[in-house]
S.K.: 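Starting off with a structure, shown below.
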2 protein chains.
Amino acid sequence: MLRLSKLTDYAVVVMVRLAEVSPGSNPDVQTSPGIAAATGVPEPTVAKVLKTLAATGLVTSQRGARGGYRLARPLHEIPVAEVIAAVDGPIALVACVDGSATECESQGLCPVRGRWDPVNDAIERALSGITLADMREAAVPPMFRVPAFLPAAE
Amino acid sequence: MLRLSKLTDYAVVVMVRLAEVSPGSNPDVQTSPGIAAATGVPEPTVAKVLKTLAATGLVTSQRGARGGYRLARPLHEIPVAEVIAAVDGPIALVACVDGSATECESQGLCPVRGRWDPVNDAIERALSGITLADMREAAVPPMFRVPAFLPAAE
DNA sequence: CCAATCAGGACCCAACCGGTCCTGTTACGG
DNA sequence: CCGTAACAGGACCGGTTGGGTCCTGATTGG
């Protein structure tokens with residue numbers, strides 16, 4: 001249940017990687033192929049995710065040669081809710097949440113008419129309280145952290 | 001995002017209807033066709049949902065002639081989380097939550113290894129705090145409440 | 001004994017998601 | 001000034017999964 005798309009998962013991975021950018025290294029931006037190599041996520045998918053994130057302003061992009069992506073804000077200022085909303089669309093568990101009044105065919109007797117709203121709100125709040133920084137800190141013991149290498153393909 | 005299946009929505013509708021059972025009327029159980037007629041949800045779908053709910057013990061069933069379904073517990077004792085878990089399976093946002101260690105192909109560098117757990121837990125808690133009774137009370141002004149009639153089909 | 005109703009499958013269709021690719025457009029660097 | 005590297009933003013296609021229907025038992029009341 002509550003299946004959120006794999007793309008969202010990738011988005012988190014990519015953004016965390018974006019934050020782990022070489023401390024004071026050459027460029028302050030990272031390219032799609034670079035991130036793909038570092039994370040193991042297929043390159044086209046990385047590009048797609050990055051483009052989506054850039055469209056919503058979660059990351060900023062630098063076009064042209066020597067271009068790349070960069071975090072718009074530090075990890076601890078980015079709630080998971082924003083990432084999810086950016087990739088998967090707005091937080092909404094069921095089809096008839098608010099906007100679409102024309103949806104319900106049996107509108108007269110639909111007993112949940114907007115009833116999921118408190119649930120949505122509760123989840124929204126829960127998700128807004130967790131930032132990407134929290135996700136980086138938590139879980140995974142440091143011993144499992146890999147420095148980021150490996151060409152991913154073959 | 002966070003798309004939960006339409007079946008879950010139906011489940012809530014059906015269970016609320018099950019609770020709105022005629023106060024002290026003829027049978028204390030309701031049949032699938034009856035609920036379908038009252039809610040507008042297609043009858044086979046209602047039957048399917050009811051069977052699933054019965055399998056998880058959220059509703060009890062009476063077989064044979066004059067049989068039907070009945071709530072196992074009052075609405076205010078049933079958190080939405082239980083309904084969701086019953087219909088849509090366990091609460092898990094991403095594929096690699098805990099059990100499956102063989103999932104991650106690029107296991108060595110998967111940077112979110114179990115990182116969604118706190119998020120899952122937060123949602124789980126949020127969902128456990130809301131009961132079906134809350135959903136019935138909230139939203140929808142009483143003026144929109146319909147007594148339940150209409151054969152649904154034509 | 002018959003009819004009504006639940007039980008539990010199998011099954012099919014459609015929508016959506018994941019993933020790839022292609023064609024601009026921008027800007028750095030020589 | 002030109003070539004190249006990288007983002008932008010589509011279109012597109014295939015696989016998976018959920019939504020929905022139906023059929024065949026099993027059970028119980030009249």
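The chains referred to below are lettered A, B, ... by the order of the sequence lines, with proteins before strands, and numbering in each begins at 1. In this text, all values refer to a predicted model and were calculated from it rather than measured experimentally.
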S.K.: Could you tell me the separation between the CD atom of B:E43 and the P atom of D:dT21, rounded to a whole number of Å?
M.R.: 9 Å
S.K.: From the 5' end of DNA chain C to its 3' end, which nucleotides mark the outer limits of contact with chain B, defined by a 4.0 Å heavy-atom distance cut-off (strictly under)?
M.R.: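 Both ends considered, the range comes out as C:dA4 to C:dC17.
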S.K.: Starting at the 5' end of DNA chain D and moving along, which residue's nearest nucleotide shows up first, A:G64 or A:A55?
M.R.: A:G64
S.K.: Determine the contact category for B:L50: base if any of its heavy atoms lies under 4.0 Å from a base atom, sugar-phosphate if only primed atoms, P, OP1 or OP2 are that close, otherwise nothing.
M.R.: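 Here B:L50 touches no strand at all.
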S.K.: Can you work out whether A:T31 or B:K48 has the more 5'-proximal nearest nucleotide on DNA chain D?
M.R.: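 This one resolves to A:T31.
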S.K.: B:G129 and B:D134: which non-hydrogen atoms are nearest, and at how many Å?
M.R.: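 Scanning both residues, the minimum pair turns out to be O-OD2, 3.8 Å.
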S.K.: Taking the side chain from B:T52 and the backbone from B:K48, do they hold a donor-acceptor pair closer than 3.5 Å?
M.R.: yes
S.K.: Over all strands shown, is B:P33 touching base, sugar-phosphate only, or nothing at heavy-atom distances under 4.0 angstrom?
M.R.: nothing
S.K.: Are A:E124 and A:S128 close enough that some pair of their side-chain heavy atoms sits under 4.5 Å apart?
M.R.: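 Counting from C-beta outward, A:E124 and A:S128 do come under 4.5 Å.
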S.K.: To the nearest angstrom, how far is A:Y69 atom OH from D:dG9 atom C1'?
M.R.: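 For the pair A:Y69 OH and D:dG9 C1', the rounded distance is 10 Å.
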S.K.: Got B:I35 and B:T31 here, is their nearest side-chain heavy-atom distance under 4.5 Å?
M.R.: no
S.K.: Could you tell me whether the side chain of A:P79 reaches within less than 4.5 Å of the side chain of A:L127, counting heavy atoms only?
M.R.: no
S.K.: Provide, to the nearest angstrom, the distance between the NZ atom belonging to A:K6 and the C1' atom belonging to D:dT17.
M.R.: 12 Å
S.K.: Any side chain to side chain donor-acceptor pair (under 3.5 Å) pairs touching residues 69-84 of chain A, not counting sequence neighbours?
M.R.: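 Qualifying pairs, neighbours excluded: A:D28-A:R70, A:R73-A:E77.
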S.K.: For A:R63 and for A:L7, locate the closest nucleotide of DNA chain C by heavy-atom distance; then report the residue assigned to the nucleotide nearer the 5' terminus.
M.R.: A:L7
